[in-house]
Amino acid sequence: RRSASLSPSVSAGSACLLLWLCLLGKPPGLGGSLCTRGDSGCPPLSVADLFDRVIQHSDRLHRLSAKKYFLPSGNELAKSARRCHTSRMLTPNGKEYAQTIPREELTYVILRLLQAWKEPLSHFDQSTVHHQDLSDDSLSKAKEISNMVHELKTGVEKVTEKMQSMGIISNSLNGMGSSEAAGLSISNEANLMSNYEFIHCFRRDSNKVQSYLKILKCRIMPGNSC
Amino acid sequence: VQSGSKWATAAQHHAYFYPLLFSSESFSNLSTLPLEMSSPKLNTGFQERSGQPPGKPELIKCRSPEKETFSCWWKPVSDGGLPTNYTLFYNNEGEESFYECPDYTTAGPNSCYFDKKHTSLWTIYNITIKATNEMGSNISEPHYVDVTYIVQPNPPVNLSLALNKHTDGKLYLLMNWSSPPLADVRSGWLTLEYELRLKPEEGEEWETIFVGQRTKYKVFSLIPGEKYIAQVRCKSDHGEWSKWSSESYIHLPKEFRLKDMMVWVFVAVLSSVICLIMIWMMGLKGINMVACILPPVPGPKIKGLDAHLLEAGKNEELLSALGCQGFPPTSDCEDLLVEFLEIDDSEDQQLMPNHEKGHPNKNLKSGNKETDSDSGRGSCDSPSLLLEKCKESRIPPAEFQTPDFSETQVKAAGKSSQETQNRDPELKLPDFNSDGVKSSTWPGTQLASSQIPKGSYHNIVEVCKVAFSAMNVNVSAIRMGNEEKHPSKYSKNIETICEGEMTQRRKGESFHSKAKADQALQWLLPNEKSPFLSDKPMDYVEIHKVNQNGALAVLPKQKENSDKTEIYPIPGTTKEYAKVTRVVDNNVLVLMPESRVQGMPVFQEPPKESAQSLHQSQAEKNMSYCLTAPSEFRLQTGGLEYMDPNSFMCSFK
């Protein structure tokens, strides 16, 4: 069952919401005024800015999931490690791999991962089953995380679009499409995971996303805090 | 072989697996294969067979410094006295096979190092350690490791401390460091966060500052003059803090506050300016600073005595200036007498009842004890003082004779005189006298001082002695300039007189009534007549007091008469009577021996003054002993009359 007794960060969630609203094409005005959709007063953001925001978001996401009482250790880790629904996804497991594969592929991997988690987290929200190892605030945190994942995915998509428009990466939409499909199929398997496994797997994947985003950013724009 | 009896033996060295090859026909049932294993033999040559299987090893920790490689360490176990071998096996997540540690040495003893090829992130390692020795083996518990979460970077390096000045002039400490060399922050693979800590060298607590991802930091609130120690450490996103870097030191300079220095400079300048102004003003006014700080000791002076007169060489004027007067003590002397009131024994008190009029001055009495031990009277009462005062005022050489006691007594008299209302101005020895006294050492002085304190100057002998002593002194030392002939004259006369006297022994009556004695005393005390004695049994007259004008106050020495039973034979002519030639002032009697009338003219002038003084003193009734018969004292000048001293030495009883 889904268990996500995660630390609350309502303000973080709202900030993320604002962030994604801005990413959706309504960049905020100078001084931090709200930018709503359709408002053309927001200045356009550069890719670097977009990346920074996305990376911040993924950091937040990962922190939420990496709380101590979520950390499985020892045998629990062993048990939960084997059943991540995303384990079969081919992802670079080292720095060299992440730096050598093409940027498009890396971007695609990020998107696939986010997509793979979209469904299981949404199910958490809808789940009405309460388990012993779940507390009420865990549920609320799980919902929060779900929203964040959704926002993060949207943000990455925006960045991808930006990069594609700028010619940084090629316009291969194959990866995007297949991620959808792959995510759906994978997410079905997520129902089989236990709560601890769920948390552990999610934490790992959020870390992957975070690392890949950073590598990608420094590959595309080296120098800025890289 | 089950049915066989022969053992197949194989020696094994350092191996734990031994493949046995069997032909299928030999062994139908492996389960019944008998196996025997002998205990391991040590290579040392000892054929010990003791030992135990090793204990259970335990993995201490696994760490990755940069999220690309990692190492694991385990704890060595009790090996039971036998060499133990360790092997590490690991199993990747999702894989079935176990692999052995690729590197046992790089990370140190009892460690396993996984290089980049063997490191996979986001996978769980199942690590076990096996300890084996000849007796057996032991396997540790499985340890699950995800490299992502075991990142502990090396400490940051190149921590530099520098003092800089802020825009507002304040000093701040700028700390700079760099990430550990292995950590790849440039590619974004690792994100490090830093933490600082500072403390003064003698401080106890560290101040820890979380810096974040920056590699520089400014510290503002530091104590100037202190020496600081700083360290820095870092941590990956989800990993552990590194160890603290090596210490860096910085010594802050003492703060030089311009404001403080300005204050001091201002104070210094102001004080120096004030000093300069003061010196300049004093220079303008001609004030002698040295004289202000160390005022010169005033020399003794005698009122009325003009040093210039002495230098000019006018004897008569000098004598008049000295103001030596006739015998009867003048009012001044009276005052002195009054002041130096003493409380003596019963007998002595009778002698001077009039002294009680004034304020008994016991200080003087005590001060002059040594000078007049016989009578125990005050300075003014003592004949010594009396004589010396007169001497000092009139005869410069004589004065030198008694510089010591004269000064003391005169000073004492001077003090007492000041106490009364309108007394004479301070008794001052003439300047020349004082100077001479100071500048010269008089052997005669010692003689005089030794003699005089003992007794009163009541006989001519002492006077002569003193006179001789004075004359023996080098007169040139006296600042007498033009007075040289006077000293010579004085000395000559004194010699004659004194010689005559020295050969004679004192008689009571002959004391001052003798011509020589008189003359000697006259020379010594030009304005004063020698104290005289009546022809009564009271032979000696004690010169009681000498005022500044030289007037003698005389007292009969009844007391001493009793002491002195001797009667000095007086060879030669003896003049028993003293004639009062005149009375000067109010209380000064001028006595003359009959035969020495011609000596008088010399003293014409001074006696006049003394007559005046005598007249003056007559107005004062204090000196009863002197003035009981004031009418009698109004003598015509120039007339010779016999005066009985007793007539006016009255009412002592």
Side-chain angles (χ1 to χ4, degrees), chain A residues 51-52 55-56 58-60 62-63 65-68 70-84 86-100 113 200-201 203-226, chain B residues 58-59 61-62 64-70 90-96 114-128 140-151 179 182-194 212-216 235-240:
Chain A
F51 258 113
D52 286 339
I55 287 169
Q56 285 175 18
S58 65
D59 280 344
R60 252 178 265 124
H62 181 71
R63 273 199 204 102
S65 63
K67 288 301 176 180
K68 276 194 177 174
F70 285 144
L71 182 66
S73 61
N75 293 334
E76 294 168 358
L77 191 65
K79 288 180 213 164
S80 61
R82 299 177 188 266
R83 294 195 201 173
C84 282
T86 54
S87 302
R88 266 179 272 143
M89 286 172 64
L90 191 62
T91 56
N93 61 354
K95 184 179 82 169
E96 290 76 15
Y97 294 119
Q99 283 181 327
T100 51
L113 280 170
H200 167 73
C201 291
R203 194 153 57 93
R204 173 192 286 181
D205 288 342
S206 62
N207 196 339
K208 278 185 183 178
V209 167
Q210 186 185 12
S211 299
Y212 296 153
L213 280 172
K214 287 178 184 175
I215 295 279
L216 187 61
K217 181 207 171 202
C218 287
R219 281 178 67 178
I220 290 173
M221 291 158 294
N224 277 0
S225 69
C226 273
Chain B
E58 184 184 345
L59 196 70
K61 64 174 181 178
C62 293
S64 169
E66 76 287 68
K67 215 160 126 183
E68 295 169 43
T69 66
F70 74 104
Y90 69 94
N91 178 22
N92 265 339
E93 172 188 345
E95 294 182 21
E96 299 294 334
F114 296 83
D115 59 358
K116 286 183 186 178
K117 283 185 193 171
H118 294 91
T119 305
S120 311
L121 261 69
W122 301 295
T123 58
I124 295 176
Y125 282 76
N126 179 5
I127 297 174
T128 56
S140 68
E141 293 291 329
H143 196 262
Y144 300 95
V145 172
D146 191 341
V147 181
T148 319
Y149 307 118
I150 58 164
V151 177
S179 61
L182 291 176
D184 186 2
V185 188
R186 288 186 54 106
S187 65
W189 182 241
L190 266 187
T191 309
L192 292 178
E193 291 172 331
Y194 301 97
Q213 297 178 14
R214 297 167 290 159
T215 56
K216 56 174 72 174
K235 170 176 88 96
S236 175
D237 313 346
H238 327 290
E240 293 185 22

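In what follows, chains carry the letters A, B, and so on, assigned in the order in which the sequence lines appear, proteins first and then strands, with residues in each chain numbered from 1. Values below: every heavy atom of this structure, side chains too, minus hydrogens, waters and symmetry copies.
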Revision key, fill the gap. Rounded to the nearest 0.5 angstrom, the OG-NZ distance for A:S211 and B:K67 is 3.5 Å

Point to revise | ring pair (Phe, Tyr, Trp, His ring centres under 6.0 Å) partners of B:W189, counting only residues at least two apart | key: none

Review point. Out of B:V185, B:D184, B:L190, B:V147, which one racks up the most heavy-atom pairs below 4.5 Å with chain A?
Key: B:D184

Check your understanding: Partners of B:K235 by salt bridge (Lys or Arg N to Asp or Glu O under 4.0 Å), sequence neighbours excluded?
Key -> none

Point to revise | Pair B:D146-A:R204, side chain to side chain contact (heavy atoms under 4.5 Å, CB included): steps then yes or no | key: CA-CA 10 Å; B:D146 191 341; A:R204 173 192 286 181; 4.2 Å; yes

Check your understanding: What residue among A:K95, A:R219, A:K217 forms side-chain contact (heavy atoms from CB on, under 4.5 Å) with B:S187?
Key -> A:K95

Check your understanding: What distance do A:R203 atom CZ and B:T148 atom OG1 have between them, rounded to the nearest 0.5 Å?
Key -> 9.0 Å

Check your understanding: Can a donor-acceptor pair be found between the side chains of A:K214 and B:T191 at a distance below 3.5 Å?
Key -> yes

Review point. Non-hydrogen atoms of chain B under 4.5 Å away: do they reach the side chain of A:Y97, the backbone, both or neither?
Key: neither

